Asks: 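One structure, pasted below without further comment.
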Amino acid sequence: MSKKFKALSIAGSDTSGSAGMEADLKTFEEMGVYGMVALTVIVAQNPANWAHDIFPIDLHTIERQIATVGSGIGTDAMKTGMLGSAALVEMVAASIQKYHLKNIIIDPVMVCKGIDTIMVPEAAAAIKTKLVKYADVITPNTLEAAYLADMDKVETVDDIKEACQRIHKLGAKNIVIKSGSRFTGGNMVDVLFDGTAFTIEEKTKLDNVYNSGAGCSFSAAITACLAKGLDIHTAFKTTQKFMQKAVENSFKLNKYTGSLCHWASRQQ
């Protein structure tokens, strides 16, 4: 019998199903990895205007969830998502040490889709000082990268390269910065820095698509690849292919939002 690979997501729940742990579990499943979750927060959307209401889970409950996997099951890789307080960030960092977790992917969720300000400054500061150093891979968008790298802005490929090098000095082994739709012009760029060399993936922006949960799904795909023993360069390329199909086939949920099609890779 072939080995069954397992991955843990320490993340929030997006009730709409497009982002957070819902996106993580869908991605794990599509990539042949068994997914587990330690839920940090529940996000519900107001049907009247799609405003996000956030309901945090208490720290003791989160700690018990992590113990279930860390002590009771084990995992081949793990990723973080929404961590809403400095205390939670510190507890996750302590859990990484306590349970000797490996293949650590940090998705430093500091901003929400469509918002260009840091949501919880004290949590962001804790991620920078307490968690980045454990990252085998960290996957910030350009706003998060600018914060981590102490840069005013990250708006060009040269900016991304500079940010990668600065974040590497914080302790992260591999840095993947995603430009997404925030880059002006017709192209978008993802950059991998392995501490020595850069790998740049540039592609044309897609029109009439939905990208809610794209960052979550991207980091979850890399997590799944590392859980299966792939090296970071193969994981980066595999994730690019998975995401391209998922975004190309995204679909509308309502007048406010839509979702990636996580199963697009297995459609003929």
Side-chain angles (χ1 to χ4, degrees), residues 9-27 35 37-62 65 79-89 91-92 106-128 131 139-148 153-155 177-184 188 205-221 243 246-247 249-262:
S9 172
I10 304 175
S13 169
D14 176 0
T15 300
S16 77
S18 63
M21 70 91 171
E22 286 83 358
D24 291 346
L25 291 178
K26 291 169 187 174
T27 302
V37 169
L39 192 61
T40 61
V41 64
I42 298 172
V43 178
Q45 293 85 3
N46 187 326
N49 56 13
W50 220 242
H52 287 40
D53 296 319
I54 298 176
F55 304 93
I57 307 298
D58 68 271
L59 283 178
H60 177 69
T61 301
I62 300 170
Q65 293 176 83
K79 64 156 294 205
T80 63
M82 183 179 288
L83 304 177
S85 70
L88 175 54
V89 172
M91 190 258 282
V92 170
I106 304 299
D107 183 4
V109 179
M110 299 177 181
V111 296
C112 280
K113 191 74 68 181
I115 300 175
D116 290 347
T117 56
I118 301 297
M119 292 185 295
V120 186
E122 61 270 24
I127 289 171
K128 183 176 180 177
L131 201 55
T139 63
N141 60 33
T142 53
L143 291 173
E144 293 156 348
Y147 175 86
L148 292 169
K153 57 186 177 180
V154 173
E155 295 182 340
I177 297 180
K178 316 175 295 295
S179 71
S181 59
R182 289 187 169 92
F183 263 28
T184 59
M188 50 192 284
K205 289 181 182 178
L206 299 173
D207 295 324
N208 302 315
V209 295
Y210 297 93
N211 62 358
S212 176
C216 306
S217 301
F218 187 99
S219 59
M243 290 299 299
V247 174
N249 292 277
S250 62
F251 55 95
K252 182 178 180 179
L253 288 175
N254 59 21
K255 66 180 181 179
Y256 299 108
T257 191
S259 175
L260 306 188
C261 182
H262 292 87

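For this chain, numbers begin at 1 and follow the sequence in order. None of these values were measured; they are calculated from a predicted model.
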Asks: I need the I106 CD1 to T80 OG1 distance, nearest 0.5 Å.
Replies: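 Result: 3.5 Å between the selected atoms.
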Asks: Only distances under 3.5 Å count here; give the side-chain donor-acceptor pairs of residues 253-261 to other protein atoms, sequence neighbours excluded, each with its distance to 0.1 Å.
Replies:
| residue | atom | partner | partner atom | Å |
| --- | --- | --- | --- | --- |
| N254 | OD1 | Y256 | N | 2.8 |
| N254 | OD1 | T257 | N | 2.9 |
| Y256 | OH | A48 | O | 2.7 |

Asks: Is the positively charged end of K252 above the ring of Y210, judged by distance under 6.0 angstrom from the centroid and angle within 45° of the axis?
Replies: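 Output no; distance or angle outside limits.
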Asks: Residues in side-chain hydrogen bond (donor to acceptor under 3.5 Å, both in side chains) with S18, at least two apart?
Replies: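 With neighbours one apart ignored, the set is D14, S16, S212.
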Asks: Residues in side-chain hydrogen bond (donor to acceptor under 3.5 Å, both in side chains) with Q65, at least two apart?
Replies: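 Q65 satisfies side-chain hydrogen bond (donor to acceptor under 3.5 Å, both in side chains) with no residue once adjacent residues are dropped.
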Asks: Which is it for L25 and V37 under the side-chain contact (heavy atoms from CB on, under 4.5 Å) test, yes or no, and what are the steps along the way?
Replies: CA-CA 8 Å; L25 291 178; V37 169; 3.7 Å; yes
Asks: Indicate yes or no: at least one non-hydrogen side-chain atom of V247 is less than 4.5 angstrom from one of L206.
Replies: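 When only atoms from C-beta onward are counted, L206 and V247 do touch, with a gap below 4.5 Å.
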Asks: Listed by chain and number, what are the salt bridge (Lys or Arg N to Asp or Glu O under 4.0 Å) partners of K153, not counting sequence neighbours?
Replies: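 For K153, the residues satisfying salt bridge (Lys or Arg N to Asp or Glu O under 4.0 Å) (neighbours in sequence not counted) are E155.
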Asks: Would S13 and E22 count as a side chain to side chain donor-acceptor pair (under 3.5 Å) if you check the C-alpha gap in whole Å, the side-chain angles of each, and the deciding distance to 0.1 Å?
Replies: CA-CA 6 Å; S13 169; E22 286 83 358; 2.6 Å; yes
Asks: I would like to know whether T139 and K178 meet side-chain contact (heavy atoms from CB on, under 4.5 Å); could you show each step before the answer?
Replies: CA-CA 7 Å; T139 63; K178 316 175 295 295; 3.9 Å; yes
Asks: Grab the two heavy atoms, one from T27 and one from A221, that are nearest each other, plus how far apart they are.
Replies: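 Scanning both residues, the minimum pair turns out to be CG2-N, 3.5 Å.
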Asks: Do V109 and L83 have side chains that approach each other closer than 4.5 Å (heavy atoms only, starting at C-beta)?
Replies: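 Counting from C-beta outward, V109 and L83 never come under 4.5 Å.
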Asks: Please confirm whether the backbone N or O of S217 pairs with a side-chain atom of K26, one donor and one acceptor, at under 3.5 Å?
Replies: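 Not confirmed, K26 side chain does not pair with S217 backbone.
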Asks: Does any N or O in the side chain of T40 come within less than 3.5 Å of the main-chain N or O of M82, such that one atom is a donor and the other an acceptor?
Replies: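 Judged by distance alone, yes, a pair lies under 3.5 Å.
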Asks: If I take atom CD1 from residue I177 and atom OG1 from residue T142, how far apart are they, to the nearest 0.5 angstrom?
Replies: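 I177 CD1 to T142 OG1: 8.5 Å, rounded to 0.5 Å.
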Asks: Which pair of non-hydrogen atoms, one from A86 and one from E122, has the smallest distance, and what is that distance?
Replies: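 Between these two residues, the closest heavy atoms are CB-O, 3.7 Å.
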Asks: Please name the pair of heavy atoms, one in A23 and one in G213, separated by the smallest distance, quoted to 0.1 Å.
Replies: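 Nearest pair, atom of A23 first, then G213: CB-O, 4.4 Å.
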Asks: Tell me whether E144 contacts the main-chain N or O of M110 through its side chain, where contact means a donor paired with an acceptor under 3.5 Å.
Replies: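 Yes: the side chain of E144 pairs with the backbone of M110.
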Asks: If the condition is side-chain hydrogen bond (donor to acceptor under 3.5 Å, both in side chains), which residues does D24 pass it with, not counting sequence neighbours?
Replies: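 side-chain hydrogen bond (donor to acceptor under 3.5 Å, both in side chains) check on D24 returns S9, K79.
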Asks: Between S219 and G215 (side chain of the first, backbone of the second, donor and acceptor by atom type, cut-off under 3.5 Å), is there such a pair?
Replies: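 Side chain of S219 to backbone of G215: a pair is present.
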Asks: Considering non-hydrogen atoms only, spot the tightest contact between I62 and L39 and give its length.
Replies: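 Looking at all heavy atoms of both residues, the closest pair is CG1-O, 3.4 Å.
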Asks: Which atoms form the tightest heavy-atom contact between Y147 and P121, and what is the distance?
Replies: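 Heavy-atom minimum between the residues: OH-O, 4.0 Å.
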Asks: Give the minimum heavy-atom separation between P56 and I54, together with the two atoms involved.
Replies: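 Residues P56 and I54, closest heavy atoms: CD-O, 3.5 Å.
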Asks: Side-chain contact test, heavy atoms from C-beta onward, threshold under 4.5 Å: evaluate it for L148 versus P140 and give yes or no.
Replies: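 Yes, side chains in contact.
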Asks: Considering residues at least two apart in sequence or located in another chain, which fulfil the side-chain hydrogen bond (donor to acceptor under 3.5 Å, both in side chains) criterion with T61?
Replies: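 Partners of T61 by the side-chain hydrogen bond (donor to acceptor under 3.5 Å, both in side chains) criterion, ordered by chain and then number, come out as D58.
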